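This is a predicted model, so every value here is computed, not measured. Along the sequence shown, the residues carry numbers beginning at 1. Counting starts at 1 for both ligands and their atoms, in listed order.
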Amino acid sequence: AAKSDGKKRFRFYQPQLSERLQIKLENENALRLAIERDEFILHFQPRVNTATGEFCSMEALARWQHPVRGMVSPLEFIPVAEETGLILKLGELIIRKACAQLAQWKAEGLPALPTSVNVSSRQLNQGNLNTIIATALRDYAIDPAQIEIELTESCMMADTLEIAEELASFQELGIKLLVDDFGTGYSSLSQLQRLDLDVLKVDKAFTAELGVRAEGEVFFNAIVSMAHALHMTVVAEGVETVQQLQLLQALGCDEVQGYYISHPLPAAEIPGLMRRRYLFPVSPLTPA
Ligand code: C2E
Ligand code: MG
Ligand code: MG
Ligand code: MG
């Protein structure tokens, strides 16, 4: 039987090229203005040691505080920034903001937790990301070991000698390289090995399968074995339930990140978590 009742009807509308161009230009102008007006802030989401619950590192995530629309998601503005090339300016701003925040926490005597920043392939292809990061680290007196770079698999797809050399130059500075959203792209195991990357962040789509389908655990098990054989740390993204956390503990996944542990938070809320240090009770597998 057809279940057309209650089914949503969509109207497909193909705007004229000029209209699409107009929208693109409006988005571009809004973003350029927002960069000038310094409307971007960073939220931070903890990464936690799976076995101990210890707050060990974090990810910086960009937010646009729009004066009228409120908080705008990076899922909306990062693609526009990438399309228009504004990601180069915005990306530099984000790196500098992250370093400024780390310097502030350091001045407050808080632990210097490694912090990752997401970069787009355009920033990598520009060829001066190394200088931008090195300058920011120097300006804010941040130890390179404290900054990590999150690359998507598409960043590595280019797979040119230039990219490989650039990635190696980050590691020479002491900067760790993370593969973001692993499993959604097309990176090969040989690429992971050759580029000598440090951390694999498994996409939340795979975490969501844990406890739902047996394949979920099979996949994670294979990833953990492979990553450990390559001397990489494995992080599960998008951990939302205690069941997922327990499965990841049993599977030997090194670190977890997700709403179950903490949402991304404004910088002001991070010191409290640093002082708490353990963000979930130790050994939930064997409760007293
Ligand atoms: P990402 O780097 O994979 O970041 C993780 C995203 O998953 C974040 O979304 C985070 O809020 C969300 N998340 C964390 N835990 C959970 C969970 O348990 N469940 C679910 N459903 N989601 C969770 P956010 O902050 O909206 O960022 C989206 C994406 O935008 C990021 O994905 C990243 O690709 C991009 N992005 C964010 N900030 C930057 C930036 O500064 N530069 C660049 N180039 N991209 C950025
Ligand atoms: Mg990321
Ligand atoms: Mg991710
Ligand atoms: Mg993502």
For [X], is the nearest heavy atom under 4.0 Å from an atom of ligand 1?
X      : result
Glu237 : yes
Glu59  : yes
Arg63  : yes

Any N/O/S atom, side chain or main chain, of Asn118 closer to the Mg ion (ligand 2) than 2.8 Å?
yes
Decide whether [X] and [Y] meet the rule of one side-chain donor and one side-chain acceptor closer than 3.5 Å.
X      : Y      : value
His228 : Asp254 : yes
Glu240 : Gln244 : no
Ser120 : Glu82  : yes
Glu162 : Asn125 : no

Could you check which of Asp180, Ile78, Leu178 puts a non-hydrogen atom nearest to atom 1 (P) of ligand 1?
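Closest candidate by heavy-atom distance is Asp180.
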Report the member of Val119, Thr207, Asn118, Leu75 with the shortest heavy-atom distance to atom 29 (C) of ligand 1.
Leu75
Short check: any N/O/S atom of Glu150 below 2.8 Å from the Mg ion (ligand 3)?
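Coordinating: no.
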Is the Mg ion (ligand 3) under 2.8 Å from any N, O or S atom of Asp180?
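True for Asp180.
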Before signing off on this row, confirm whether [X] and ligand 1 have an N or O atom pair separated by under 3.5 Å.
X      : result
Glu240 : yes
Tyr259 : yes
Ile94  : no

Of the side chain and backbone of [X], name the one, both, or neither that has a heavy atom under 4.0 Å from an atom of ligand 1.
X      : value
Glu82  : neither
Leu90  : neither
Lys204 : side chain

Test of understanding: with ring pair (Phe, Tyr, Trp, His ring centres under 6.0 Å), list the residues that count as partners of Phe170, not counting sequence neighbours.
none
Nearest non-hydrogen partners of Glu209 and Gly216, listed with the distance:
CB-CA, 3.9 Å
For Gln45, the option from Glu59, Gln257, His263 that meets side-chain hydrogen bond (donor to acceptor under 3.5 Å, both in side chains)
Gln257
With respect to the Mg ion (ligand 3), what is the nearest N, O or S atom of Asp181?
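Result: OD1.
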Which N, O or S atom name in Glu237 marks its closest approach to the Mg ion (ligand 3)?
OE2
Where ligand 1 meets [X] - atom numbers and elements under 4.0 angstrom, heavy-atom basis:
X      : result
Pro74  : 24 (P), 25 (O), 26 (O), 27 (O), 28 (C), 30 (O), 36 (N), 37 (C)
Ser120 : 44 (N)
Gln45  : 14 (C), 15 (N)
Asp181 : 3 (O)
Pro264 : 11 (O)

Gap between atom [atom2] of [Y] and atom [atom1] of [X] - 0.5 Å precision:
X      : Y      : atom1 : atom2 : answer
Thr115 : Ile270 : OG1   : CD1   : 9.0 Å
Ser169 : Ile175 : OG    : CD1   : 8.0 Å
Glu28  : Ile23  : CD    : CD1   : 14.0 Å

Name all residues meeting the salt bridge (Lys or Arg N to Asp or Glu O under 4.0 Å) criterion together with Lys97; count only those two or more places apart in sequence or in a different chain, and write none if there are none.
Asp38
Could you walk me through whether Glu39 and Arg63 satisfy the salt bridge (Lys or Arg N to Asp or Glu O under 4.0 Å) test, starting with their C-alpha distance in whole Å, then the side-chain angles of each, then the deciding distance to 0.1 Å, before giving a yes or no?
CA-CA 8 Å; Glu39 292 175 352; Arg63 301 286 182 262; over 6 Å; no
Decide yes or no on side-chain hydrogen bond (donor to acceptor under 3.5 Å, both in side chains) for Asn128 and Gln123, but give the supporting numbers first.
CA-CA 8 Å; Asn128 65 347; Gln123 289 172 269; over 6 Å; no
Would you name the N/O/S atom of Glu59 that lies closest to the Mg ion (ligand 2)?
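Restricting Glu59 to its N, O and S atoms, the minimum distance to the Mg ion (ligand 2) goes to OE2.
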